[in-house]
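We're numbering straight along the sequence, starting at 1.
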Amino acid sequence: MAETIETRPFPPFLPKNATVMTMGGTFPPASEKRSMEFHYPNFQNDMWRVYGIVFFNDKDYFRKGEEKAFDADKIKAFLSEIGIASCPTVLKAIREKGNASDAFLKVVEPVPLAEVLEQVPECKHIGTTGGKATEVLLSLLPEKVKLPKTGETIPYVYNGRELTLTRLPSTSRAYPLSLAKKAEAYKNFFKACGLKTK
């Protein structure tokens with residue numbers, strides 16, 4: 001059976017005022033498992049709960065009422081206001097097991113990073129949401145760079161542009177860390193980037 005090459009379904013979200021960009025290594029789950037048409041759409045993924053805790057002290061801040069869904073419009077409005085971009089590191093990939101697991105995601109084509117960075121000229125900080133995303137971004141550099149540990153920040157120079165790269169914990173439920181600890185890691189990152197948190 002031929003492997004299916006998928007192109008990521010959502011474009012990068014790139015507010016012009018973004019000073020920070022979070023970059024995931026994953027592909028979203030199949031459409032029937034999505035609670036919205038935006039990044040991290042699976043209701044089981046804790047990304048938007050983490051954002052809710054970090055910026056509003058409320059894990060359900062971005063939840064759509066009582067639904068098992070997140071509110072994409074509310075998320076986009078917030079990201080635009082505070083200046084956070086969201087962009088996957090993978091443009092095309094093959095799901096080797098047909099699921100959303102990073103472990104079985106074969107990267108066919110990484111993100112066109114130069115094009116993305118052109119659209120966020122103020123961006124100085126990148127936070128990768130898990131090991132796969134970090135590996136993909138480091139693979140775009142001309143020289144070999146050691147994979148940082150979770151929570152570690154390294155200088156990242158791409159096409160002459162000086163950035164920082166921080167490896168953050170994955171927000172997948174499969175990642176063995178409590179929601180509180182994940183939120184703490186993201187809070188430390190956003191504070192270090194100069195954003196106001198709760």
Side-chain angles (χ1 to χ4, degrees), residues 6-56 59-64 67-93 95 99-105 107-113 115-117 119-120 123 125-137 140 165-175 179 182-183 185-187 189-190 193 195:
E6 292 183 51
T7 301
R8 65 161 183 244
F10 317 124
F13 186 74
L14 305 170
K16 278 274 181 279
N17 62 332
T19 55
V20 181
M21 181 159 59
T22 57
M23 301 190 76
T26 53
F27 252 39
S31 55
E32 64 272 11
K33 290 194 176 165
R34 295 178 200 156
S35 75
M36 62 175 176
E37 293 300 298
F38 191 60
H39 304 166
Y40 306 98
N42 189 333
F43 193 67
Q44 291 304 308
N45 190 294
D46 283 325
M47 180 59 78
W48 304 117
R49 290 182 190 90
V50 164
Y51 268 78
I53 292 167
V54 169
F55 293 103
F56 300 97
K59 71 178 173 62
D60 291 322
Y61 184 83
F62 293 108
R63 187 171 174 176
K64 211 172 190 177
E67 291 177 49
K68 286 192 169 179
F70 297 112
D71 187 331
D73 291 335
K74 193 173 185 178
I75 290 166
K76 290 175 191 175
F78 169 72
L79 295 178
S80 297
E81 185 188 335
I82 199 166
I84 299 175
S86 177
C87 178
T89 56
V90 180
L91 178 61
K92 293 184 179 181
R95 299 181 205 256
N99 60 23
S101 169
D102 279 7
F104 302 108
L105 193 73
V107 178
V108 175
E109 192 179 321
V111 65
L113 188 59
E115 285 175 32
V116 168
L117 287 171
Q119 295 176 67
V120 281
C123 183
H125 310 284
I126 293 174
T128 50
T129 63
K132 183 80 162 188
T134 316
E135 285 169 20
V136 173
L137 276 191
L140 301 177
L165 173 66
T166 303
R167 180 179 171 181
L168 296 164
S170 167
T171 53
S172 163
R173 293 276 172 97
Y175 188 76
L179 178 59
K182 287 177 185 179
Y186 280 73
K187 186 174 191 168
F189 166 67
F190 287 125
C193 295
L195 297 182

Go through the structure and list residues passing side chain to side chain donor-acceptor pair (under 3.5 Å) with Thr22, not counting sequence neighbours.
none

Just by distance, do the side chain of Thr89 and the backbone of Gly24 share a donor-acceptor pair under 3.5 Å?
yes

With sequence neighbours excluded, tell me which residues meet salt bridge (charged side-chain N to carboxylate O under 4.0 Å, His left out) with Glu109.
none

Side chains of Lys182 and Tyr175 in contact at under 4.5 Å (non-hydrogen atoms):
yes

Summary of side chain to side chain donor-acceptor pair (under 3.5 Å) pairs that have at least one residue in residues 68-85, sequence neighbours excluded
none

Okay, side chain of Glu67, backbone of Arg63: is any donor-acceptor separation there less than 3.5 Å?
no

For the side chain of Ser170 and the backbone of Thr129, is there at least one donor-acceptor N/O pair under 3.5 Å apart?
no

Ala174: what forms a side-chain contact (heavy atoms from CB on, under 4.5 Å) with it, not counting sequence neighbours?
Ser172

Are the side chains of Val116 and Met21 in contact, using a 4.5 Å heavy-atom criterion?
yes

Mind checking the CD1-CD1 spacing from Ile84 to Ile75? Nearest 0.5 Å is all I need.
11.5 Å

Which residues pass the side-chain contact (heavy atoms from CB on, under 4.5 Å) test with Asn17, not counting sequence neighbours?
Pro15

Within-4.5 Å side-chain heavy-atom neighbours: Cys123 and Gln119:
no

So the side chain to side chain donor-acceptor pair (under 3.5 Å) pairs with at least one residue in residues 43-55 (sequence neighbours excluded) are Gln44-Arg173, Asn45-Thr171, Asp46-Arg49, Asp46-Arg173

What's the shortest heavy-atom distance between Pro41 and Phe10, and which atoms?
CG-CE1, 4.0 Å

Mind listing the closest non-hydrogen atom pair of Met23 and Pro88 along with its distance?
CE-O, 4.1 Å

Quick one, Glu135 and Val107 - any side-chain contact, counting heavy atoms below 4.5 Å?
no

Ile53 meets the side-chain contact (heavy atoms from CB on, under 4.5 Å) criterion, sequence neighbours left out, with Lys59, Leu179, Ala183

Does a side-chain heavy-atom distance below 4.5 Å link Leu195 with Thr19?
yes

Going by ring-ring contact (aromatic ring centres under 6.0 Å, His included), name the residues that satisfy it together with Phe78, two or more places apart in sequence or in a different chain.
Phe55, Phe56, Phe62

Can you see which heavy atom on His39 is nearest to which on Ser86, and at what distance?
ND1-OG, 2.6 Å

Pro110 and Leu91 have their tightest heavy-atom pair at O-CB, 3.7 Å

If I take atom CG from residue Leu137 and atom CZ from residue Arg167, how far apart are they, to the nearest 0.5 angstrom?
12.0 Å

Those residues that, when tested against Arg34, pass salt bridge (charged side-chain N to carboxylate O under 4.0 Å, His left out) (two or more places apart):
Glu37

Atom pair NZ (Lys64) and CZ (Phe43), whose distance is rounded to the nearest 0.5 Å:
12.0 Å

Could you pull out all residues at least two apart from Thr166 that satisfy side-chain contact (heavy atoms from CB on, under 4.5 Å)?
Thr153, Leu168, Phe189

